[in-house]
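Data block below; observations after.
Heavy atoms only: backbone and side chains are in, while hydrogens, waters and symmetry mates are out.
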Amino acid sequence: MSKKPSIPKGTRDFGPTEVARRNYIFNTIKEAFALYGFQPIETPSFENSDTLMGKYGEEGDRLIFKILNSGDYLSKVNDSLYAEKDSSKITSKISEKALRYDLTVPFARYVVQHQNEITFPFKRYQIQPVWRADRPQKGRFREFFQCDADVVGSKSLWQEIEFVQIYDAVFTKLKLDGVTIKVNNRKILSGIAETIGAEDKLIDFTVALDKLDKIGEDGVKNEMFSKGISEEAILKLQPLFSFNGSNAENLDSLKNMLANSEQGLKGVEELAFIAEKIEKLGLSTASLKIDVTLARGLNYYTGAIFEVAAPPQVKMGSIGGGGRYDDLTGIFGLKNMSGVGISFGLDRIYLVLEELDKFPKTVLNHSKALFINFGEAEALYAMQAIKSLRKKGIKAEMYPDSAKMGKQMSYADKRNIPFAVLAGEKEMEAKQFTFKNMKSGEQRQVGYTELEAILFKD
RNA sequence: GUGGUUGUAGCUCAGCUGGUUAGAGCGCUUGAUUGUGGUUCAAGAGGUCGCCGGUUCGAAACCGGUCUUCCACCCCA
């Protein structure tokens, strides 16, 4: 027992069924990305620490996995620094690389580094694992996959519209009906903060507002108050708590509320553009909902903010998110490069599809036929047939050992291989095969041509 | 990082307020059935009770630590 090996907290092994199902999701997303004109790139699993550190806030820095330097890394730490026992100061001395925390910042780094080779607007997608030194929880892992698509180099709001359509297309294809694509705009949030005179508290304000679903109206107000937002300012927010009309109605109320904020009105206008065009284009199974409390996510969003909520019957955090960031590459020295992107949370989508039993039954690929092994001469006879079948693209295999027949048959049974093929002395003499349907138990003798025909058809 | 929770056979789990040889179902192996799996029947293998330490005449059970699981908070996909 104690010798049993294990894997680190928050990581998982994937068996054949899980891999098949994950690939099914990956492929669906990839096809959609490609269909909308995105091309794949990949970046290293680890980056230089200074590329990542400071990009996700203080909390983010804590959650980044740092990679210890090679060699005698402690030699660079002088005695006084060591004596101070300040972990963050020492970290920068003993670790210069870190595992990537998301795909957006490495992408920004990529764009800046390759700006002269890239044709803008640049549309890329990227499906790779990311790592967070978080404490695991439902749908939260320390290693998980993100599937991102981003466009840089265009300010057009049509990109936002494209992304809403991609979300709809992917979840429709996955048969996951009833997802809600929530959309908000950072300019609206800033506008509200401006209107109530709490501009300097924008982050605290948005973080608290984002919790409305969870802690309710009073909870949000209390949290804002405890963060130093005045009671008077909180009173002005009252209209926000009764936003349950249609998108158009909500936009109207926002317009009134933000009448004195230029940037707030700009945000309303942007949202209205997106909502109106989506309404005219139509969505298949998803719905678009304006949600002014949507604020979560990274601080670099400057325009649209997206978040996708799973169908209400499953309890799961967001299964996708994204937004526009006018100055993402600015942190790496490339100005005026607007970007907008979305992300699919593969691992969570998996959990949701599993819970709702939405995976197709045929996702797992297995052999069509198992040839029973009766000994060296018979195995060669079988292998010749298998070789021909494989040339036709028919998946077939032979049991590798000349084991007892019962064992070979039960192997076929357990692996859900639908047909068994038996060829011993008698069949070899007659140039035939005994072909058995594992489900019905029927069996009969056939020649190779017929064998191939049946297997090809089924 | 904070609070709670979980760990017993390959898997899912029983195991009383501390008491002698730790159980069940499923799975596995073998046989009934030397060219036939799924059903049935019979027999069998498999556990230093997560790990380390402590209390006790005696610990799977109680205490401490540690790792792990799951959940909530912070934060996030």
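The shortest distance between the side-chain N/O atoms of Lys138(A) and the OP1/OP2 oxygens of rC71(B) is not below 4.0 Å. In terms of phosphate contacts, Lys211(A) brings a side-chain nitrogen or oxygen within less than 4.0 Å of OP1 or OP2 of rC75(B).
Base contact: Gly139(A) has a heavy atom under 4.0 Å from a base atom. Ser318(A) comes within 4.0 angstrom of the backbone, heavy atoms only, and of no base. Backbone-only contact: Val207(A) has heavy atoms under 4.0 Å from sugar-phosphate atoms and none from a base. Residue Phe141(A) is classed as a base contact, given a heavy-atom separation below 4.0 Å to a base. Among the atoms of the strands shown, none is found under 4.0 Å from any heavy atom of Gly375(A).
Ser49(A) and Glu96(A) form no side-chain donor-acceptor contact under 3.5 Å, judged by distance and modelled atom types alone. Asn185(A) and Glu270(A) share a donor-acceptor pair across their side chains, judged by distance under 3.5 Å alone. For the residue pair Ser343(A)/Asp148(A), the side-chain donor-acceptor check at 3.5 Å is satisfied.
The cationic atom of Arg132(A) (NZ for Lys, CZ for Arg) lies less than 6.0 Å from the six-membered ring centre of Tyr101(A) and within 45° of the ring axis. The cationic atom of Arg100(A) (NZ for Lys, CZ for Arg) does not lie both less than 6.0 Å from the six-membered ring centre of Phe46(A) and within 45° of the ring axis.
Whole-Å rounding puts the Asp204(A) CG to rC75(B) C1' distance at 14 Å. The separation between Glu58(A) atom CD and rC74(B) atom C1' is 12 Å, rounded to whole Å. Atom pair Arg132(A):CZ and rA77(B):C1' shows a separation of 6 Å (rounding to whole Å applied). Protein atom CG of Asp13(A) is 13 Å distant from nucleotide atom P of rC11(B), rounded to whole Å. Between the CG atom of Asp134(A) and the P atom of rU69(B) there is a distance of 13 Å, given to the nearest Å. Rounded to an integer number of Å, the gap from NZ of Lys214(A) to C1' of rA72(B) is 8 Å. In this structure, the CG atom of Asp61(A) is 13 Å from the C1' atom of rC75(B), given to the nearest Å.
Note that OH of Tyr125(A) is 11.0 Å distant from CZ of Phe38(A), once rounded to the nearest 0.5 Å. Atom CD1 of residue Ile181(A) and atom CD of residue Gln165(A) lie 9.5 Å apart, to the nearest 0.5 angstrom. The distance from atom CD1 of Ile372(A) to atom CZ of Phe433(A), rounded to the nearest 0.5 Å, is 13.0 Å.
A gap of 24 Å separates the P atoms of rG7(B) and rC73(B), to the nearest Å. Comparing the same atom, C1', in rA77(B) and in rA9(B) gives a spacing of 38 Å after rounding to whole Å. rG53(B) and rA59(B): their P atoms are spaced 14 Å apart (whole Å). When the C1' atom is used for both rU33(B) and rG47(B), the distance is 33 Å, rounded to whole Å. Comparing the C1' positions of rC70(B) and rG31(B) gives an interatomic distance of 43 Å, to the nearest angstrom. The separation of rC71(B) from rG65(B), taken at their C1' atoms, amounts to 23 Å, rounded to a whole angstrom. Rounded to whole Å, the separation between the P atoms of rU12(B) and rC76(B) comes to 34 Å. Comparing the same atom, C1', in rA60(B) and in rG23(B) gives a spacing of 12 Å after rounding to whole Å.
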Pairs: protein N or O with nucleotides 3-5 of chain B N or O, under 3.5 Å:
| unit_1 | atom_1 | unit_2 | atom_2 | d |
| --- | --- | --- | --- | --- |
| rG3(B) | O6 | Arg135(A) | NH1 | 3.3 |

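Asp150(A) pairs with exactly one of Arg324(A), Arg124(A), Lys123(A) by the salt bridge (charged side-chain N to carboxylate O under 4.0 Å, His left out) rule, that one being Arg124(A). With Phe344(A) as reference, Ile349(A) is the one residue of Ile127(A), Leu174(A), Val308(A), Ile349(A) to meet the side-chain contact (heavy atoms from CB on, under 4.5 Å) rule.
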Sequence-aligned protein contact record of nucleotides 30-46 of chain B, with B where the base is within under 4.0 Å of a protein heavy atom and S where only the sugar-phosphate is: -S---BBBB--------

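Panel note: side chain Asp210(A), backbone Leu294(A); no donor-acceptor pair is recorded below 3.5 Å.
Counting only Watson-Crick or G-U wobble pairs whose defining distances are both under 3.5 Å, the stems of 3 or more consecutive pairs in RNA chain B are B:1-4 with B:70-73, B:10-13 with B:23-26, B:28-32 with B:40-44, B:50-54 with B:62-66.
Below 30°, between 30° and 60°, or above 60°: for His114(A) and Tyr110(A) the angle between ring planes is between 30° and 60°, a tilted geometry.
For rA77(B), the base has no donor-acceptor partner in the side chain of Arg140(A) [N/O atoms by modelled type, under 3.5 angstrom].
Heavy-atom distances to RNA chain B give each of Glu223(A) and Pro8(A) a nearest nucleotide, and the one nearer the 5′ end belongs to Pro8(A). If you find the closest nucleotide of RNA chain B to Ile319(A) and to Gln137(A), the one lying nearer the 5' end belongs to Gln137(A).
The closest side-chain heavy-atom distance from Leu283(A) to Val164(A) is below 4.5 Å.
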